[in-house]
Amino acid sequence: MADAGPEAELQLTESAMIDAKMPENLPQWMKDHVERYLKSGGTDGHMYTANFPGMKPLTVPSLLLVTKGRKTGAKHLFPLFYGNAGNGWFIVASKGGAPDHPGWYKNLLVNPEVELQIGTKTVKARARTVSGAERQKLWDDAVKWWPSYVDYQKKTPREIPVVMLDPV
């Protein structure tokens, strides 16, 4: 889970850091994480140790997702935990179990072409929401590395989307 698989590694390239703005309303811990990720060129921050009250510490891989704003067309950056799947990666649009989808997910529904930074590498990808057996397999994998997804799903009537990021 910690590193992109060998097939995915072939799709990644060394390049300039992603240039996009973080939403102002992100929690401070996310802003701090992104700052560390970007300041280090991706060497610090790819693996994130979550140490939240009431949870045992978990270390999970994180990526930076850049979407094109559905209203503004501006680039927006979001830090997200991810898993590997085939030649790509997947993310979960949980928003902590909120009743509405996260803004980044709404953005990629309008424009599925995204940019990713995974550690020190960047890649362009196409996002697609998965369903059926593919969703179930990825969801089951996600709750292994982030068990709170189960609680988030219980808090909301919406099915939390699982998004595959296929390199292009």
Side-chain angles (χ1 to χ4, degrees), residues 1-5 7-13 18 20-23 25-27 30 33-34 37 42 45-48 50 58-119 121-168:
M1 194 67 59
D3 296 314
E7 301 86 7
E9 186 67 26
L10 297 174
Q11 302 296 326
L12 299 174
T13 57
I18 287 178
K21 291 172 84 172
M22 257 187 304
N25 63 345
L26 285 182
M30 283 186 175
H33 174 68
V34 169
Y37 208 122
H46 176 233
M47 295 307 294
Y48 181 79
L58 290 173
T59 300
V60 293
S62 67
L63 56 74
L64 301 179
L65 171 75
V66 177
T67 64
K68 184 176 178 183
R70 65 195 175 282
K71 297 175 187 171
T72 66
K75 288 184 175 185
H76 299 283
L77 182 150
F78 304 89
L80 298 166
F81 302 142
Y82 76 94
N84 297 309
N87 291 334
W89 311 270
F90 71 96
I91 52 180
V92 178
S94 68
K95 198 176 179 183
D100 194 20
H101 295 306
W104 62 261
Y105 179 72
K106 293 175 186 178
N107 287 347
L108 64 79
L109 289 175
V110 174
N111 185 357
E113 303 302 320
V114 299
E115 296 174 64
L116 308 173
Q117 180 161 343
I118 302 172
K121 312 284 185 177
T122 59
V123 65
K124 292 187 184 298
R126 182 168 184 82
R128 62 182 172 86
T129 303
V130 297
S131 60
E134 182 180 22
R135 181 195 181 279
Q136 190 61 54
K137 179 185 179 310
L138 297 178
W139 177 263
D140 291 346
D141 191 19
V143 299
K144 289 176 188 167
W145 43 264
W146 195 254
S148 294
Y149 286 143
V150 172
D151 295 328
Y152 299 166
Q153 184 60 77
K154 290 177 185 173
K155 289 170 45 178
T156 183
R158 68 182 173 94
E159 180 178 73
I160 293 177
V162 176
V163 178
M164 188 65 205
L165 303 167
D166 297 306
V168 293

What pairs with Thr129 under side-chain hydrogen bond (donor to acceptor under 3.5 Å, both in side chains), at least two apart in sequence or on another chain?
Tyr105

Short side-chain to backbone donor-acceptor contact, Gln153 and Gly97, under 3.5 Å
no

Applying side chain to side chain contact (heavy atoms under 4.5 Å, CB included), can you list everything that pairs with Val34, at least two apart in sequence or on another chain?
Met22, Leu38, Leu64, Leu77, Pro79

Pair listing, salt bridge (charged side-chain N to carboxylate O under 4.0 Å, His left out) test, anchored in residues 73-100, at least two apart:
Lys75-Glu115, Asp100-Lys106

Sorted by chain and residue number, the side-chain hydrogen bond (donor to acceptor under 3.5 Å, both in side chains) partners of Trp139 (sequence neighbours excluded) come out as none

Sequence neighbours excluded, the answer for side chain to side chain contact (heavy atoms under 4.5 Å, CB included) partners of Val110 is Arg70

Results of side chain to side chain contact (heavy atoms under 4.5 Å, CB included) for Lys154 - residues two or more places apart only:
Val150, Asp151

Partner set under side-chain hydrogen bond (donor to acceptor under 3.5 Å, both in side chains) for Ser94, not counting sequence neighbours
none

Looking only at atom types and distance, does a side-chain atom of Arg126 sit under 3.5 Å from a main-chain N or O of Met164, one as donor and one as acceptor?
no

Non-neighbouring partners of Ala125 that pass side chain to side chain contact (heavy atoms under 4.5 Å, CB included), sequence neighbours left out
Val114, Leu116, Leu165

Those residues that, when tested against His33, pass ring pair (Phe, Tyr, Trp, His ring centres under 6.0 Å) (two or more places apart):
Tyr37, Tyr48

Any residue meeting side-chain hydrogen bond (donor to acceptor under 3.5 Å, both in side chains) with Arg128, in chain and number order, not counting sequence neighbours
Glu134, Asp166

